[in-house]
Amino acid sequence: MKQIDVCFTPDLLHLHTVENTIVVVADVFRATSCMVTAFAYGVNSITPVATIEECRQLQERGYLAAAERNARKVDGFELDNSPFTYMDERIQGANVAMTTTNGTLAITKSRSAVKVLVGSFLNLDAIVRYLKTDGYDVMVLCAGWKGRVNLEDTLFAGALVDRLKDSYAMAEDSAIMAWRLYAQGKDNLIGYMSNASHIRRLQRLGIQKDIAYCLQHDLYDVIPVLRGSALVNMDVK
């Protein structure tokens, strides 16, 4: 039986095996939710990079550029890290360069996997349907916050485990833990997460609408997949 594993933070990735594995990267608040939204609204590609300087170099080559650090937009870039920014005509057909505090770093660390997919609650069902047809083991890589575990990405991992538990065996205790947390909170995720560190961080910035949006399930039938150095939308039809 195929196995599903969960890595709670990229700082623990060296303890896991990603070869012969599909990695699903989750940064629910907000990088992977932005990426899924961008593809739903017609972006052509997103190139995730680890540093602001790499993002600026791509900007100079004509990319629309998004840069975020500590949940705030970096000066000098066109786009920020709110999914509502990507509901805009200017992103249709565009190539975007993106760097964020946690999510893009997690993606760049996963390159040795068979496939790297971008996951969020927004495209959960699309991810589930695809993985049920594939023969590889799966690892959910939670982006976390600066190397620390966070609740929202762990809950996404638990949601994915929950929907795949009849097709995949839970490889380690991390998958069981994520699944049980999601089972506790799934009926009211906002309430369950009310004390979570990143919820408080975003609320201080006055962007509660991003929180509610990013916790919606199954809005979009898109799957961003890493091809070379860029994310493109996998054809799931």
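For the numbers below, each heavy atom of this structure counts, side chains included, while hydrogens, waters and symmetry mates do not. Everything numeric in this text was worked out from a predicted model, so none of it was measured.
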Practice problem: Only one of L64, L79, V36 passes side-chain contact (heavy atoms from CB on, under 4.5 Å) with Y86; say which it is. | Solution: L79

Quiz prompt | Test item: D218 side-chain N/O and D125 main-chain N/O as donor-acceptor pair under 3.5 Å | solution = yes

Practice problem: State plainly whether one hydrophobic cluster holds both F121 and L181, where clusters connect Ile, Leu, Val, Met, Phe, Trp and Tyr through side-chain heavy atoms under 4.5 angstrom apart. | Solution: yes

Self-check item: Working for side-chain contact (heavy atoms from CB on, under 4.5 Å), residues I22 and Y130
Solution: CA-CA 11 Å; I22 294 175; Y130 173 74; 4.3 Å; yes

Quiz prompt | Straight-line distance of M98 CE to S45 OG, nearest 0.5 Å | solution = 10.5 Å

Self-check item: Derivation of the side-chain contact (heavy atoms from CB on, under 4.5 Å) call for T104 and M35
Solution: CA-CA 10 Å; T104 57; M35 292 169 179; 3.9 Å; yes

Quiz item: Does one hydrophobic cluster hold both I46 and V74, with members joined at side-chain heavy-atom distances below 4.5 Å?
Solution: no

Practice problem: Measure across Q3 and A171 and return the closest heavy-atom pair with its distance rounded to 0.1 Å. | Solution: OE1-CB, 3.8 Å

Practice problem: Keeping the roles fixed (side chain from S33, backbone from F29), state whether a donor-acceptor pair exists under 3.5 Å. | Solution: no

Exercise. Spell out, yes or no, whether I211 and W145 are grouped together once hydrophobic residues are joined by side-chain heavy atoms under 4.5 Å, including indirect joins.
Key: no

Self-check item: Rounded distance [0.5 Å steps], CG in L13 versus CE in M139
Solution: 5.0 Å

Self-check item: Whether over 12 other heavy atoms sit under 6.0 Å from N188 CG
Solution: yes

Quiz item: Under the 3.5 angstrom rule, does the side chain of Q59 hit a backbone N or O of G76 as a donor-acceptor pair?
Solution: yes

Practice problem: State whether a side-chain donor-acceptor pair under 3.5 Å links D137 with T21. | Solution: no

Quiz item: Are F8 and L151 in one and the same hydrophobic cluster, where Ile, Leu, Val, Met, Phe, Trp and Tyr link if side-chain heavy atoms are under 4.5 Å apart?
Solution: yes

Self-check item: From CG (L131) to OH (Y168), nearest 0.5 Å
Solution: 4.5 Å

Quiz item: Between CD1 of I91 and OG1 of T85, what distance do you get to the nearest 0.5 Å?
Solution: 10.5 Å

Self-check item: S167 to M1 - nearest heavy-atom pair and separation
Solution: C-CE, 3.4 Å

Practice problem: Answer yes or no: is there a side-chain heavy-atom contact under 4.5 Å between L141 and V24? | Solution: no

Exercise. Could you tell me whether the side chain of E89 reaches within less than 4.5 Å of the side chain of Y41, counting heavy atoms only?
Key: no

Self-check item: Heavy-atom closest contact (G158 atom, Y182 atom, distance)
Solution: C-CB, 3.7 Å

Practice problem: Could you verify whether a donor N or O on one side chain and an acceptor N or O on the other, from R30 and S120, lie under 3.5 Å apart? | Solution: no

Quiz item: Which pair of non-hydrogen atoms, one from R90 and one from A94, has the smallest distance, and what is that distance?
Solution: O-CB, 3.8 Å

Quiz item: Are T37 and Y220 side-chain neighbours, meaning at least one heavy-atom pair lies under 4.5 Å?
Solution: yes

Self-check item: Which atom of P10 lies closest to which atom of C142, heavy atoms considered
Solution: CD-O, 3.2 Å

Quiz item: Under 3.5 Å, is there a donor-acceptor pair between the side chain of Q216 and the main chain of Y213?
Solution: yes

Quiz item: Considering residues, nucleotides and ligands other than Y136, do more than 12 of their heavy atoms fall under 6.0 Å from its OH?
Solution: no

Quiz prompt | Verdict with reasoning, D5 to V140, per side-chain contact (heavy atoms from CB on, under 4.5 Å) | solution = CA-CA 6 Å; D5 196 5; V140 187; over 6 Å; no

Practice problem: Could you pull out the closest heavy-atom pair between A230 and P48, with the gap in Å? | Solution: CA-CD, 4.4 Å

Self-check item: Check against side-chain contact (heavy atoms from CB on, under 4.5 Å), T51 and T99
Solution: CA-CA 6 Å; T51 69; T99 184; 5.5 Å; no

Quiz item: Nearest 0.5 Å, what's the CG-CG distance between D153 and N102?
Solution: 8.0 Å

Exercise. Find out whether L231 and F39 are in side-chain contact, i.e. whether some heavy atom of one side chain is under 4.5 Å from a heavy atom of the other.
Key: yes

Self-check item: Gap separating the CG atom of L124 from the CG atom of D162, nearest 0.5 angstrom
Solution: 9.0 Å

Self-check item: N/O donor-acceptor pair under 3.5 Å between S112 side chain and E19 backbone
Solution: no

Quiz item: Are the side chain of H217 and the backbone of L215 linked by a donor-acceptor contact shorter than 3.5 Å?
Solution: yes

Practice problem: Look at the side-chain heavy atoms of Ile, Leu, Val, Met, Phe, Trp and Tyr, link any pair under 4.5 Å apart, and say whether M234 and L164 land in one connected group. | Solution: yes

Quiz item: Are the side chain of N233 and the backbone N or O of I223 linked by a donor-acceptor pair below 3.5 Å?
Solution: yes

Self-check item: Expected output: side-chain R111 to main-chain G228 donor-acceptor under 3.5 Å
Solution: yes

Quiz item: Pick one: which of D11, N70, T101 meets side chain to side chain donor-acceptor pair (under 3.5 Å) with K146?
Solution: N70

Quiz item: For V222, does its backbone N or O pair with a side-chain atom of N123 as donor and acceptor, under 3.5 Å?
Solution: yes

Quiz item: Within the distance-only criterion (no hydrogens, no angle test), does the side chain of S174 pair as donor or acceptor with the backbone N or O of V6 below 3.5 angstrom?
Solution: yes

Quiz item: Under the 4.5 Å side-chain heavy-atom rule for ILVMFWY, direct or indirect, which residues accompany Y63?
Solution: V49, L58

Quiz item: Under 4.0 Å between a Lys/Arg side-chain N and an Asp/Glu carboxylate O for D134 and K2?
Solution: no

